[in-house]
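Everything on this sheet refers to the single structure shown next.
So that the names make sense, note that chain A is the first sequence line, chain B the second, and so on, each numbered from 1.
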Amino acid sequence: MTGRSPLDTLKATGVPVREAVPEDAVAGVLPSWVAAPGGVGEVAEIMRAASSLGLAVVPSGGRTKAAWGRPPERCDLVVDTRAMDRVLEHEAGDLVVRVQAGVTLDGLAAALAVHGQELALDRPLDGATVGGTLATATAGPRALRYGTARDLLIGITVVLADGTVATSGGKVVKNVAGYDLGKLFTGSYGTLGVIAEAAFRLHPMAAERACVTSAHPVSEDLGPLLRRVTAAQEEVSAVEIDWPDPREPYTLTCLVEGVGAQSRASAVRELLGTRASVGGEPPGEWARLPGETFVLEARVRQDDLYDAMLAVAGTVRVTGVEAAVRGWAAPVSVLRIALRTDDGPAAGDAAGAAFVTALRDMVEPGGRVVVVTAPEEIARRVDRFGHIGALPLMKRVKERFDPDRSLSPGRFVGGI
Amino acid sequence: MPGDTLTLLADRLRGPLGDQWVITDPVRLRTYECDGLTYHRATPGLVVLPETAEQVSAVVRACAEAGVPFVARGAGTGLSGGALPRTDGVLIVMSRMRRILSIDLPNRRAVVEPGVTNLAVTEAVRADGYYYAPDPSSQQVCSIGGNVAENSGGAHCLKYGFTVNHILALEIVSPDGDIMQLDALDPGYDLLGAFIGSEGTLGVATKITVRLTRAPEVVTTVLAAFPGVAAGGKAVSAIIGSGIVPAAIEMMDALAIEAAEAAVACRYPEGAGAVLIVELDGPAAEVAGHFEQVERICREEGAFEIRVADDPAERAAIWKGRKSAFAAVGRISPAYIVQDGVVPRTALPGVLARIAELSAEHGIRVANVFHAGDGNLHPLVLFDDAEPGAGERAEHVSGMILDLCIEHGGSITGEHGVGVDKARYMPKMFTEDDLDTMQLVRCAFDPKGLSNPGKVFPTPRLCGEVPGVRKGVHPLVESGKAEQF
C-alpha cells in the first residue's frame, strides 16, 4: 500500500490527470492536479479516487468565472469538465436538449440554431460552459420573459463528493416526480457536487427581433418608464440598462421578439418619448459583464431598480470610485456594477471596500448586494454575500451533501 | 402511547390556537380523512386550524418536540394523496389563512397566505390587467399553498411554466418550527426552488409571494376536430415544430368527448375522433400570425371542422368540455383511475397507439384527455367497481401506462405529484442513488422525518445525526474519554 502517490491513484482511474500549472488557479489558489473526465462515469471514478485520498476538489468549466466566489480553503484537484463537450440528445420536435456540462453556451447556441431553436439564456461571457453557468446562476436581461437558468433546466445529473451519481428531473418539460436537485445545484458554486449533465427546455428562435433604444438623464425616474414598458401589450422580452458612467445619462434597450416585432417595437417607442429609436438586433455589448476584475451585483425588485441606480450614483460620488453599470428589469432585477480602483493599491482597496459597504447600506434590506468577483485585497475586507435569510438551512444542506467539506470548501457564503 | 401523546399535544395547542381550532371529535376528524384522491383514507389523529405563521410554528414545534408526524393540508384537492393524514399525527389545515396581504403592481407581485385560492389571486388583480398564470383545473377551489407543495401546473404551463416559475419568495415554517424566509433575491442554493414541489415534506409555507403576469392583449382559442388521435397528434407536432409556443394545446379522444357530451353537452363537432384545443395569446400581431399557421396546419393534418373563439363566452364554450372531462367520465363509467404520465412530445403518437392496444388487450376502456403540447397524458382508466377483479385489471393497465411513459424517457407525474399514490413507481424512474441523494435534502430540512412522512419516497432514508467532519478522530476519543464503536 505504500509508495503509490496520490497522482498514481488518480491516474489509475484511467481518467486523464496532469500536474497543475499556474493557469489552473481557482480564485488565486493553485491546485496540485487537474483531471479531465470525458463523461459522468469518469467524473464518478475520479471523485471516488479523490475521496479515498481525502482530496479537496473544485469543479471547473470554461474558467470564465474561475475568479468568482471566495478562494477555496483547500484545492488539491480541479475537475475540468471541458472534455465533456457533447450534445447528448436533441430531439428538435421535443424542444429539449440534453448536454454534458462542459458544452459551451456558444457551441450549444450554434448547434441549436441549425434547427431554429435556442436555449433562451443570455451569454455574459464568451466560452462559459453549461455547468459553470448553472453553478454560478448567471443570468441576463432576457430573464424578464424566459426566466433564468433554473427556470429552463428540466433535468440534471450530478456527482457527489463520494462519487455517487444522482439524476433528478428528466427530459420532459413537465415533471414533478421527486425533488428538483437542479434548483439546488443552480447557484451552488461547486460546493455540493460536480454538475455532469443537464437537460433544458428550448424555445423556437424568434421569427423577428427589434430593439427600441433611448437615452435618459439620471434625473429621469426609470420607475414609470419601466412600468409602462413592461406592462405594454406588445410584450417586451427584455429591458437592458447600459450605464457606462453613472454621472452621465443611461441607455435603455427594449428587446421585442416574435411575429410583428418591428411594428410592436414602434409602439413601444411611443412609450419612451421622442428620443427613442427602433433598430434591429440588440447592441453588441448586450448582456455582457461591464468589467472583469471587480464586479458587484445589486439584486432588487423591478420597481426598486431606479433607487438602486441612484444608490450607485451616490456611492460613486461619495467614494470617488469609477464605475460602469449594466443591468436589467426582471422579477429579480439586477445591476452589475464594475468598479475601477486603479489609483494606488492601498487607497484603492479601502475605497473599493467602502463602496460595497455604502451601497449595501442603501440597497438592503429590500435588495441584496453581492460581490461577484474582486481583487483579493478588497475581497478580504468585505462580506461578499451580505444577508441571506436561509443561511442556516443552506449550511445544513451542505453538511448532508458534502459532510467532509471536500467540495470547493469555503468557496461560498458563510464558509460553505 | 400515540393516543396519550396526541392528547397531550392537543392540550398544549389549545392555548396558542384557541379551543375551537383544535379538533379531537372523531366525527369531525373523519371529514379530513382524504384529499382529492379518495381511495386512500386515514383519519387524522388530531386536526388543528391555525390562523397565523406563529401558530403554525407552535404546532410544528410541538410536533417536533413530541416526535409526532404532521401533514399540512390546503384545499384537499390534490390527486396523489399528498395530503393523506396520519392516524398517529397532526393534520394542519391551512384554510383559515386566506388573506391577500398585499398587491404590489409596480413590482408585479402579491403576497398571499397559503389558504388563498388560486383563482382569488387572479380575481384580485384582473381589473388592473394582471393575472396569476398557473391555472390547475381545480383553480376555483385549490389553494396557493397546495400549489406550492405540488408545483402545480395547468393547461397554460406550456407557455407560462409551473408554480415554481411564478413564486418569488416564501415564508416557511421549517420542520423544527422555525419561521424562515426563502427569497429569490438571495444568492446561494435555490432553496425556494427546492421547496416548491416537495409535497409538504420540507416544511409548511405560511406566506407566499407570487409573480403577477400581464394579461395578454389578445386570446384566440381554436377548436379543431380530427378523425382520430393520430391525426391530432401529428398536428400538435407540426404546430410545435413550426416555432409556435401556444398558451395551451389540449387533446381529447372519442371516449373523452363522449363523456363530456353526456355530462355538459359541449356540442363538439359530430363524428370527431379527437378534438384539439389550441389557445394562442399575446400581442395582436403575433397571435394573428400564429393563428393563420395553426389553422393551416390543422387543415393539412386532416381537421374537418375548425371553430374559433375570440371572446370569453365563446372561449368558455370551447373549454367547457375539456374542463369537465374528469368529472364527466363518471357519466360513462362507475369508477375510474386518472393517470398523469408524461412522454416526450414526439413519442405521443406511438404511446397513444400502445395505450389503445393495452386497452383492447385487457378489456379496459381508456379515455384520453391530455395536455398534448407538453406530452402530459391524463388517461382515464375506466372500470366497474361492482365487477369482481375489474379494479385490479384497471390498476394493472394504469401501471402499464406509467411503465410506458418511463420507457419513453418520460415521467410518472407531470402535475399531480407523487404523494402516496405513486411512491412505489419512483424506483422505476429513479435509481436508489437518485432517491437517496434527493433525501439528503429531506435530511437537511427534516432529519426526524416528521413533515408529511410516507409521501414521495417509497423508502425513507434514515438521516442519523448531522454527519459533521468524518475525517480524523473525535476529540473525546482522542482524549481517551470515549471509544469509537
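- Heavy-atom distances place no part of Asp128(B) under 4.5 Å from chain A, backbone and side chain included.
- Using a 4.5 Å cut-off between heavy atoms, Tyr425(B) does not touch chain A at all.
- Within the 4.5 angstrom heavy-atom criterion, no atom of Leu391(A) approaches chain B.
- Your options are His416(B), Lys422(B), Arg442(B), Glu150(B), and the one with the most heavy-atom pairs under 4.5 Å with chain A is Arg442(B).
- Proximity to chain B (any heavy atom under 4.5 Å) is shown, for Val173(A), by both the backbone and the side chain.
- The pair Arg227(A)-Asp104(B) does not meet the salt-bridge criterion, since no charged nitrogen lies less than 4.0 angstrom from a carboxylate oxygen.
- Contact count versus chain B (heavy atoms, under 4.5 Å) is highest, among Ala177(A), Gly260(A), Gly187(A), for Ala177(A).
- Most heavy-atom pairs under 4.5 Å with chain A, from the set Gly375(B), Ser237(B), Ser174(B), Ala444(B): that is Ala444(B).
- Separation of atoms CG (Leu144(A)) and CZ (Arg108(B)) is listed at 9.0 Å; rounding is to 0.5 Å.
- Only the backbone of Leu158(B) has a heavy atom closer than 4.5 Å to any heavy atom of chain A.
- In this structure, the side chains of Pro344(B) and Val96(A) stay at 4.5 Å or more apart for every pair of heavy atoms.
- Both the backbone and the side chain of Ser188(A) come within less than 4.5 Å of a heavy atom of chain B.
- Heavy-atom distances place the side chain of Phe412(A), and not its backbone, under 4.5 Å from chain B.
- Neither the backbone nor the side chain of Gln262(A) comes within contact range of chain B, judged by heavy atoms closer than 4.5 Å.
- Contact annotation for Arg109(B): only side-chain heavy atoms (C-beta onward) come within less than 4.5 Å of a heavy atom of chain A.
- Contacts of Lys398(A) with chain B are made by both backbone and side-chain atoms, with heavy-atom separations under 4.5 Å.
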Discussion item. Show, in sequence, the C-alpha distance, side-chain angles and deciding distance for Asp176(B) and Arg396(A), and conclude whether the salt bridge (charged side-chain N to carboxylate O under 4.0 Å, His left out) test is met.
Written reply: CA-CA 13 Å; Asp176(B) 26 317; Arg396(A) 279 154 62 178; 3.6 Å; yes
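- Heavy atoms of Ala390(A) lying under 4.5 Å from chain B belong to its backbone as well as its side chain.
- Using a 4.5 Å cut-off between heavy atoms, Thr230(A) contacts chain B through both its backbone and its side chain.
- Looking at Asp183(B), only its side chain comes within 4.5 Å of chain A, counting heavy atoms on both sides.
- Residue contact with chain B, scored on non-hydrogen atoms closer than 4.5 Å, involves the backbone and the side chain of Arg301(A) alike.
- Within 6.0 Å of CD in Glu364(A) there are more than 12 heavy atoms belonging to other residues, nucleotides or ligands.
- Only the side chain of Arg214(B) comes within less than 4.5 Å of a heavy atom in chain A; its backbone stays farther off.
- The nearest pair of heavy atoms linking Val370(A) to Pro187(B) is CG2-CG, 3.6 Å.
- In this structure, chain B has heavy atoms under 4.5 Å from both the backbone and the side chain of Thr191(A).
- Taking a cutoff of 4.0 Å between a charged side-chain nitrogen and a carboxylate oxygen, Arg299(A) and Asp186(B) do not qualify as a salt bridge.
- Contact annotation for Leu393(A): both backbone and side-chain heavy atoms come within less than 4.5 Å of a heavy atom of chain B.
- Phe162(B) touches chain A through its side chain: at least one heavy atom from C-beta onward sits under 4.5 Å away, while N, CA, C and O do not.
- When each of Ala207(A), Gly93(A), Ala261(A), Gly147(A) is checked for heavy-atom pairs under 4.5 Å with chain B, Gly93(A) comes out on top.
- Side chain of Glu234(A) to main chain of Ala284(B): no donor-acceptor pair is present (N/O by atom type, distance under 3.5 Å, no hydrogens or angles).
- Side-chain contact, Thr346(B) with Asp94(A): a donor N or O sits under 3.5 Å from an acceptor N or O.
- Contacts of Ala231(A) with chain B are made by both backbone and side-chain atoms, with heavy-atom separations under 4.5 Å.
- Only the side chain of Tyr130(B) comes within less than 4.5 Å of a heavy atom in chain A; its backbone stays farther off.
- Residues Val172(A) and Val342(B) meet the side-chain proximity criterion, which asks for heavy atoms closer than 4.5 Å.
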Discussion item. Please evaluate residues Ile416(A) and Tyr189(B) with respect to the criterion side-chain contact (heavy atoms from CB on, under 4.5 Å), reporting the C-alpha separation (whole Å), side-chain torsions for both, the decisive distance (0.1 Å), and the verdict.
Written reply: CA-CA 11 Å; Ile416(A) 285 176; Tyr189(B) 307 153; 3.0 Å; yes
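- Counting heavy-atom pairs closer than 4.5 Å to chain A, the top-ranked of the candidates Ile172(B), Asp436(B), Leu185(B) is Leu185(B).
- Using a 4.5 Å cut-off between heavy atoms, Thr201(B) contacts chain A through both its backbone and its side chain.
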Discussion item. If you apply the rule side-chain contact (heavy atoms from CB on, under 4.5 Å), what do you find for Leu184(A) with Val441(B), and how did you get there?
Written reply: CA-CA 9 Å; Leu184(A) 199 63; Val441(B) 183; 3.6 Å; yes
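- The nearest pair of heavy atoms linking Gly289(B) to Val259(A) is CA-CG1, 4.4 Å.
- The environment of CD in Glu432(B) is sparse: at most 12 heavy-atom neighbours from other residues, nucleotides or ligands sit within 6.0 Å.
- Residue His290(B) touches chain A through its side chain alone, counting heavy-atom pairs closer than 4.5 Å.
- The existence of a salt bridge linking Glu286(B) and Arg264(A) is confirmed by a sub-4.0 Å separation between a basic side-chain nitrogen and an acidic carboxylate oxygen.
- Contact annotation for His371(B): only side-chain heavy atoms (C-beta onward) come within less than 4.5 Å of a heavy atom of chain A.
- When the candidates Ala347(B), Gly161(B), Gly188(B), Ala184(B) are compared by the number of heavy-atom contacts under 4.5 Å with chain A, Gly188(B) comes out ahead.
- Side-chain contact, Tyr179(A) with Thr437(B): no donor N or O sits under 3.5 Å from an acceptor N or O.
- Using a 4.5 Å cut-off between heavy atoms, Leu181(A) touches chain B through its side chain atoms alone.
- Top candidate by heavy-atom pairs under 4.5 Å with chain A, chosen from Asn151(B), Leu191(B), Ile244(B), Ile412(B), is Leu191(B).
- Residue contact with chain A, scored on non-hydrogen atoms closer than 4.5 Å, involves the side chain of Leu168(B) exclusively.
- If you measure heavy-atom distances from Phe430(B) to chain A, the contacts under 4.5 Å come from the side chain alone.
- Atom NZ of Lys174(A) and atom CZ of Arg345(B) lie 11.0 Å apart (nearest 0.5 Å).
- Using a 4.5 Å heavy-atom threshold, the side chains of Arg400(A) and Pro447(B) count as touching.
- Asp303(A) and Asn107(B) share no donor-acceptor pair across their side chains, judged by distance under 3.5 Å alone.
- In this structure, no portion of Val334(A) lies under 4.5 Å from any heavy atom of chain B.
- When the candidates Val456(B), Ile196(B), Asp374(B) are compared by the number of heavy-atom contacts under 4.5 Å with chain A, Asp374(B) comes out ahead.
- Both the backbone and the side chain of Val164(B) come within contact range of chain A, each with at least one heavy atom under 4.5 Å from a heavy atom of that chain.
- When Asp433(B), Leu440(B), Asp434(B) are each tested for a side chain to side chain contact (heavy atoms under 4.5 Å, CB included) with Thr164(A), only one passes: Asp433(B).
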